[in-house]
There are 2 protein chains.
Amino acid sequence: MAPITASRALGLPIGELSRLSGVNIETIRYYERIKLLAAPRRTEGGHRLYGRDDVRILAFIRRARELGFNLVEIRALLDLGGPGKASCGDVRKIATRHLHDIRAKMSDLGKLERLLSRTVARCTGKTAPDCPVLDVLDTARTPRPRGRSGIRPS
Amino acid sequence: MAPITASRALGLPIGELSRLSGVNIETIRYYERIKLLAAPRRTEGGHRLYGRDDVRILAFIRRARELGFNLVEIRALLDLGGPGKASCGDVRKIATRHLHDIRAKMSDLGKLERLLSRTVARCTGKTAPDCPVLDVLDTARTPRPRGRSGIRPS
DNA sequence: CTTGATCCTGTAGCGGCTACAGGATGCACG
DNA sequence: CGTGCATCCTGTAGCCGCTACAGGATCAAG
């Protein structure tokens, strides 16, 4: 139930904030726990009460997450855009590095896409003992350097 | 019994297997724990001893990981390519779906790259109160549907 | 006052590893 | 045969960014 008369003296409960910002309730509490978000005031019973600013901040965070910024970067962005009113140059630095990462990732994905689509194209779909996909995977190339390479989830 | 005997004769310790396959020692043990990899025989003292086949399998896994397959998919691929000698069609199905995912991700990254590069380009780098990057992030668009959307790490 | 929606804290789990701690083993060399 | 030390063992906890409970407490409408 959404009380239309919400924001009584600008006191949004967490569910309302969630709806307005597009951020999951559990995630909001998580952000508070890791101190990405300041702890809000509470009702006497202990329920969180947020203001309009919180909606903006959370929406900002959500958008930045959608753009692939991680929480460390977002924390930095929030600090920069915060009370100190730091330089746009610093923000640009973060964004530029991030852009660089994105381009690298796209290039990787591109290579991968070409390899995989070429391989799949060779597939007959029949029950064959020599499957091109498995073949490609089986050609273990460079046992590449000892690495903390980590390989991110797909 | 043909070449199996040969591979049994040489018993690779885990460190050797790691070097040959390019997979981290800890990761190999992890794969064993989650049963992606069969438990190998051991020395009397309890040290793992691997054969040549294990090098192939691990290299296969590593390569598939590099191509962005997740462990569930890899497990399926291993099963398919395994004793049952299943159809190439099944393998193709997995690979095709995966290819689809890759393309979707590339498209997303492309949009993101365009938005971010356009935005960064507008940056003066000066200490300005109105930073284009922060502006873009601040325009919270659709407070999109209640979601288990999750947004993957960058 | 009762209901039931919303909220609270705390903890555990996901994937795919990585990083220890605190020991046991294997093997070359003297 | 002893010694030293590289490698190995198990087990547990941590990383990120959430998500999903359990087991209650609170709030507001009727």
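Below, chains carry the letters A, B, ... as their sequence lines are ordered, and counting in each starts from 1.
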Quiz prompt | A:V72 or B:G46, whichever maps to the more 5' nucleotide of DNA chain D | solution =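 The residue mapped nearer the 5' terminus is B:G46.
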
Indicate whether OP1 or OP2 belonging to [N] is found under 4.0 Å from a side-chain N or O atom of [X].
{"X": "A:R33", "N": "C:dT11", "answer": "no"}
{"X": "A:T43", "N": "D:dC27", "answer": "yes"}
{"X": "B:T27", "N": "C:dG16", "answer": "no"}
{"X": "B:N24", "N": "C:dC17", "answer": "no"}
{"X": "B:R29", "N": "D:dT10", "answer": "no"}

Roughly, in whole Å, what's the span from [atom1] in [X] to [atom2] in [N]?
{"X": "B:L36", "N": "C:dG16", "atom1": "CG", "atom2": "P", "value": "10 Å"}
{"X": "A:Y31", "N": "D:dT19", "atom1": "OH", "atom2": "C1'", "value": "12 Å"}
{"X": "A:E16", "N": "C:dT6", "atom1": "CD", "atom2": "P", "value": "10 Å"}
{"X": "B:H47", "N": "D:dT10", "atom1": "NE2", "atom2": "C1'", "value": "11 Å"}
{"X": "B:R48", "N": "C:dT25", "atom1": "CZ", "atom2": "C1'", "value": "13 Å"}
{"X": "A:I25", "N": "C:dC8", "atom1": "CD1", "atom2": "P", "value": "8 Å"}
{"X": "A:E32", "N": "D:dC18", "atom1": "CD", "atom2": "P", "value": "16 Å"}
{"X": "B:I34", "N": "C:dC17", "atom1": "CD1", "atom2": "C1'", "value": "9 Å"}

If you only use heavy atoms from C-beta on, which nucleotide in [options] is closest to the side chain of [X]?
{"X": "A:E26", "options": "C:dG16, D:dC18, D:dA20", "answer": "D:dA20"}
{"X": "A:N70", "options": "D:dG17, C:dG16, C:dC7", "answer": "D:dG17"}
{"X": "A:R65", "options": "C:dG16, D:dC8, D:dG17", "answer": "D:dG17"}

Self-check item: Under 3.5 Å: donor-acceptor pair, side chain of A:H98, backbone of B:L116
Solution: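 No.
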
